[in-house]
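Here's the structure, in structure tokens; my notes come after.
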Amino acid sequence: GDWYDIVQKNGHFVQGVMSDWALMLHNTEPKLEDIATHRPMLESNALFLNGKKQWFDDYLTHEDKTGEYWSADHYKSARNAHKKAAMPVLMTGAWHDFFFDGQLKVFKELPRHDESLLVIRNGLHMSDSWASFKSVAHIQVTTSVQWLDRHLKGKVVSELPVTGYLLQDNVNNDYQHMEVWPRQNSMKTFYLGELAEALSCDGGSILAAKTINSGSVSYIYDPENPVPSRGGANNFSQGVVEQGSDLCARSDVLSFESAKISEDLTISGSIKIAINVASDAQDSAFSVKFQEKLAGGRILNIRDDITSLSFRNDALSRQNYEASSTVEVVFNLTPIKWTLQSGSTLRLDISSSNYPFYNVHPNVTQNWSTLEKGFSAKQTLFSGELTI
């Protein structure tokens, strides 16, 4: 995919990928927490990467995709290279691999898309959680060999599909073949209610019908005390993990829960979250985490996202934000196939940080990596809705 989207996420540096990768690349002893906590982070390069690396500084300081740095010929060439592929393509990925969103976009743009196959397994970039070795070996090795037999030798050696999508399910690990994915099937919109109660775990509601005069709720976001990262795609080691009840108990996390679902329900495609918010800072951040709370009480993360107000709504360059003004912030989460189990509930957490996988926003407009500390901000949520 587009390398910019791996480095920068809506005005945030993807530390869980880029900092960790830099440390592995230069075979250093420090860990992600060491480089992520150093302030200003622009100095961390020389301290933790066995000497100053200009490419790392460039990644930290170039937030604007439309700027000269990301418009260089080599980045333009790389982001468009797949459009010249003159042959069918077999791609393999994972639901919680940080490359997956880019892979999905690239796959759809292949010149011979209709003859190509994308296999999507469970797990993340560097591990295969929830999938046995036998399952992974079969789908990624056996399928690859048989797909190559089909295209290079003209042989059909099994009933495995050679085009479209093979999607692994999170519950039973079975694979489903679909010629087109995501399909434009039925969509369902839910609405956030009981906002004032959302400062306690599952205190707010995810409702099937919009409420009138639901009020608002505020919290203080302190960049010196960010919400810890727990699971997600933008890292090398976590993926889907138990969320526990400590994060939603924080005073800077808003927590919402739906009624229990009566039978298994599969989400297959996009998840859109739209919230109307304000901050008393000149710039700030909002984060979301979409989850399933199982009947036994376990909470699993499905998708998450983060954005600064200045890069809200997929902006490619910095936008103006007037402190205390209300704006709509839309998160288009990476598509997923996920089966919610009977007796489960939907959960949504809203906050302003997800650290150290993303940098802590300092609540000012300057580039965060040049600052020694940030400033606290009052964040207010007025309404919100989820479309799945």
Side-chain angles (χ1 to χ4, degrees), residues 7-16 36-42 60-67 192 195-196 198-199 204 214-229 234 247-248 250-256 273-289 304-332 348-384:
V7 176
Q8 297 286 343
K9 181 74 168 175
N10 303 323
H12 286 77
F13 181 62
V14 186
Q15 297 181 147
T37 54
H38 187 82
R39 297 289 184 274
M41 191 171 175
L42 199 57
L60 290 175
T61 55
H62 291 88
E63 303 166 298
D64 189 333
K65 187 176 182 178
T66 61
L192 301 184
L195 270 60
L199 285 167
S214 59
S216 63
V217 61
S218 299
Y219 61 91
I220 301 300
Y221 159 51
D222 178 5
E224 301 302 309
N225 182 28
V227 178
S229 299
N234 281 307
L247 298 186
C248 64
R250 291 174 55 109
S251 61
D252 57 353
V253 175
L254 305 178
S255 181
F256 300 86
I273 299 172
I275 55 177
N276 288 292
V277 295
S279 173
D280 66 359
Q282 56 185 282
D283 189 18
S284 192
F286 286 88
S287 60
V288 293
K289 186 179 289 185
D304 64 72
D305 205 352
I306 194 168
T307 186
S308 64
L309 292 175
S310 57
F311 280 87
R312 65 188 181 274
N313 305 336
D314 300 320
L316 300 181
S317 58
R318 186 177 291 277
Q319 304 178 67
N320 291 327
Y321 174 73
E322 183 179 345
S324 300
S325 62
T326 303
V327 294
E328 182 183 52
V329 175
V330 177
F331 300 91
N332 291 301
L348 177 69
D349 284 353
I350 299 174
S351 190
S352 293
S353 51
N354 186 337
Y355 176 82
F357 293 165
Y358 306 97
N359 71 271
V360 173
H361 198 289
N363 293 322
V364 294
T365 56
Q366 292 98 312
N367 179 269
W368 67 278
S369 69
T370 65
L371 302 175
E372 291 189 2
K373 66 173 298 182
F375 305 89
S376 293
K378 180 182 179 181
Q379 319 287 63
T380 303
L381 171 70
F382 297 97
S383 64

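The shown structure was predicted, so the numbers you read here are calculated from the model rather than taken from an experiment.
A donor and an acceptor atom, one from each side chain of Thr365 and Asp283, are nowhere located under 3.5 Å apart. For the residue pair Ser324/Asp280, the side-chain donor-acceptor check at 3.5 Å is not satisfied. For the 3.5 Å distance criterion, the side chains of Thr307 and Arg312 fail to qualify, holding no donor opposite an acceptor. Using a 3.5 Å distance cut-off with no hydrogens or angles, the side chains of Ser287 and Asn354 do not pair a donor with an acceptor. In this structure, a donor-acceptor pair under 3.5 Å is present between the side chains of Ser352 and Tyr219.
Every residue two or more places apart in sequence or in another chain that forms a side-chain contact (heavy atoms from CB on, under 4.5 Å) with His38 is listed here: Glu43, Ser44, Leu47, Phe48. The side-chain contact (heavy atoms from CB on, under 4.5 Å) check on Asn320 picks up nothing, with sequence neighbours excluded.
Environment of CD in Glu224: crowded, with over 12 heavy atoms of neighbouring residues, nucleotides or ligands closer than 6.0 Å. Applying the 6.0 Å contact sphere to NZ of Lys378 captures no more than 12 heavy atoms from other residues, nucleotides or ligands.
Of all non-hydrogen atoms in Gly215 and Leu195, the two that sit nearest each other are O-CD2, 3.7 Å. Across all non-hydrogen atoms, the minimal contact from Ala278 to Phe286 is O-CZ, 3.8 Å. In plain terms, the two heavy atoms of Asn367 and Thr61 that are nearest each other are ND2-CA, 3.7 Å. Listed here is the closest heavy atom pair of Pro223 and His361: CB-O, 3.4 Å. Considering every non-hydrogen atom in both Phe13 and Asn359, the closest pair reads N-OD1, 2.6 Å. Across Pro40 and Ser369, no two heavy atoms sit closer than the pair CB-O, 3.3 Å.
Annotation: the span from Leu254 atom CG to Cys248 atom SG amounts to 11.0 Å, rounded to 0.5 Å. The distance from atom CD of Gln366 to atom CD of Gln282, rounded to the nearest 0.5 Å, is 6.0 Å.
Looking only at distances, a side-chain donor or acceptor of Ser351 sits under 3.5 Å from a matching main-chain atom of Asp252. In this structure, the side chain of Gln15 does not engage the main chain of Val360 through any donor-acceptor pair within 3.5 Å. Checking side-chain atoms of Asn363 against main-chain N and O of Phe375 turns up a donor-acceptor pair under 3.5 Å. For Asn313 (side chain) and Val330 (main-chain N/O), a donor-acceptor pair under 3.5 Å exists by modelled atom type. A donor-acceptor pair is defined here as one N or O able to donate and one able to accept, closer than 3.5 Å; no such pair exists between the side chain of Thr380 and the backbone of Val217. In this structure, the side chain of Tyr221 does not engage the main chain of Ser353 through any donor-acceptor pair within 3.5 Å.
Ring pair His12/Tyr358 is perpendicular by interplanar angle, where above 60° counts as perpendicular and below 30° as parallel.
You'll find the side chain of Lys9 reaches within 4.5 Å of the side chain of Ile306, heavy atoms only.
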